[in-house]
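Handing you this structure, nothing more for now.
Naming convention: chains lettered A, B, ... in sequence-line order (proteins, then strands); numbering from 1 in each chain.
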2 protein chains.
Amino acid sequence: MAESFTERFQQLCREKNLAVTHQRLVIYREVMQMHNHPSPEQVYDRVKPELPSISLATVYKTLHTFVETGLIREVSPHHGSMRIEPNEHRHPHFLCLQCRAITDLSDHELDFAALKASVPAGFQVEHVSTEVRGICGNCLAKNAAQAPN
Amino acid sequence: MAESFTERFQQLCREKNLAVTHQRLVIYREVMQMHNHPSPEQVYDRVKPELPSISLATVYKTLHTFVETGLIREVSPHHGSMRIEPNEHRHPHFLCLQCRAITDLSDHELDFAALKASVPAGFQVEHVSTEVRGICGNCLAKNAAQAPN
DNA sequence: TGCTAAACGATAATTATTATCGTACTCTCA
DNA sequence: TGAGAGTACGATAATAATTATCGTTTAGCA
Ligand SMILES: [Mn+2]
Ligand SMILES: [Mn+2]
Ligand SMILES: [Zn+2]
Ligand SMILES: [Zn+2]
């Protein structure tokens, strides 16, 4: 009954319509064992011993594939370039994972006291931000128009 | 009594020990009037009509200066490269603005219902994240050691 | 097993950002 | 108010991160 890691990964890939390749398996396994927040380069360094001929481009492509299909997440989605926030008031953001648009959400009342209490002692808090990720209305409409069922 | 924008900016610069230059004034004024989340390139395009000989490098340097001194903020601080989140459980992050280290915070109970309610109708929510920015204990210790008073 | 589409590896190209360096400007301080 | 020191600016080269290209290999499936 005990399903192996490999079997679970194959199952995941089938669900997401991804070909099961050795490279993807190793990258997934190693990433899941890294308990920090690795960069693509760090993932590359980590899998290289087991896959000596792997290309850095493959690591990038694989990580993207995993993020797109939801197998893994990135810490904070890349906007391509630095983005300035001219709005000085505290407000949450909605970030579209498809078009990368950043939308201000109206102010809200979150319990920041609880959050701040979870910050390790000796850390200095500067700012607290919240972000909702998903697909914006525009993109959803566009998607529906392209693939009507 | 009515303080002009220029006077307020000069005051801000004095507080932060920044030289008051025409370029800085124009960049600050224009950024504050942009109600989206502009990239450095977009800021450059915006100030160019008024400062035809300005360099893109100056825009970058000025924006950094403003961010460092707290005159403006960036939407999500640049980690230099993509960062993978292998931890599938929801948890907030602490991001050190000095060394860029990303620390997992322990889980907490925020009122996500209120936040989700603020998302525009027709948007699809995928994930909600919270982030605390500041200076980590390491950096604070390092800073204290370098400038003991 | 054999075909076809997808994935991979090598590497070139692009994009975003930072560094360098000579010139210009700002800010004291006479 | 003018000189000098130091910072900022502009032009541009360099670097870092990411993406595109393309020939070869492989996975999925009949
Ligand atoms: Mn905003
Ligand atoms: Mn994390
Ligand atoms: Zn969108
Ligand atoms: Zn730090």
- Query: Given atom OH of A:Y60 and atom P of D:dA16, what is their separation to the nearest angstrom?
  - Reply: 12 Å
- May I have the distance from B:Q10 (atom CD) to C:dC27 (atom C1'), rounded to whole angstrom? 13 Å
- Query: Taking the side chain of B:A19 as heavy atoms from C-beta outward, which of D:dG10, D:dT21, C:dT26 is closest to it?
  - Reply: C:dT26
- Item | Atom-pair distance (CE on B:M82; P on C:dT17), nearest Å | 17 Å
- Interatomic distance where CG belongs to A:L25 and P belongs to C:dA7 [whole Å]: 15 Å
- In whole angstrom, what separates B:R24's CZ from C:dT26's C1'? 10 Å
- Within this structure, what is the CD-to-P distance between A:Q23 and C:dA7, rounded to whole angstrom? 11 Å
- Query: Do the ring centers of A:H37 and B:H79 come within less than 6.0 Å of each other?
  - Reply: no
- Rounded to whole Å, CZ of A:F66 lies from C1' of C:dA7 at a distance of 12 Å
- Note on the structure: Between A:L56 and B:L56, whichever has its closest DNA chain D nucleotide further toward 5' is B:L56
- Note on the structure: Applying ring pair (Phe, Tyr, Trp, His ring centres under 6.0 Å) to B:H78 and not counting sequence neighbours gives A:H78
- Note on the structure: 5'-most contact on DNA chain D (nearest-nucleotide basis), B:G80 vs B:L18, goes to B:L18
- Task: Nearest 0.5 Å please: distance from the CZ atom of B:R73 over to the CG atom of A:N87.
- Result: 8.5 Å
- Item | Sugar-phosphate only, base, or nothing, as touched by A:H22 at under 4.0 Å among non-hydrogen atoms | nothing
- Query: How are the rings of B:F5 and B:F9 set to each other: parallel, tilted or perpendicular (split at 30° and 60°)?
  - Reply: parallel
- Query: When you measure from the side chain of A:H64, which nucleotide among D:dT21, C:dT17, D:dT19 comes out closest?
  - Reply: D:dT19
- When all nucleic acid strands are considered with a 4.0 Å heavy-atom cut-off, which category describes B:T58: base, sugar-phosphate, or nothing? base
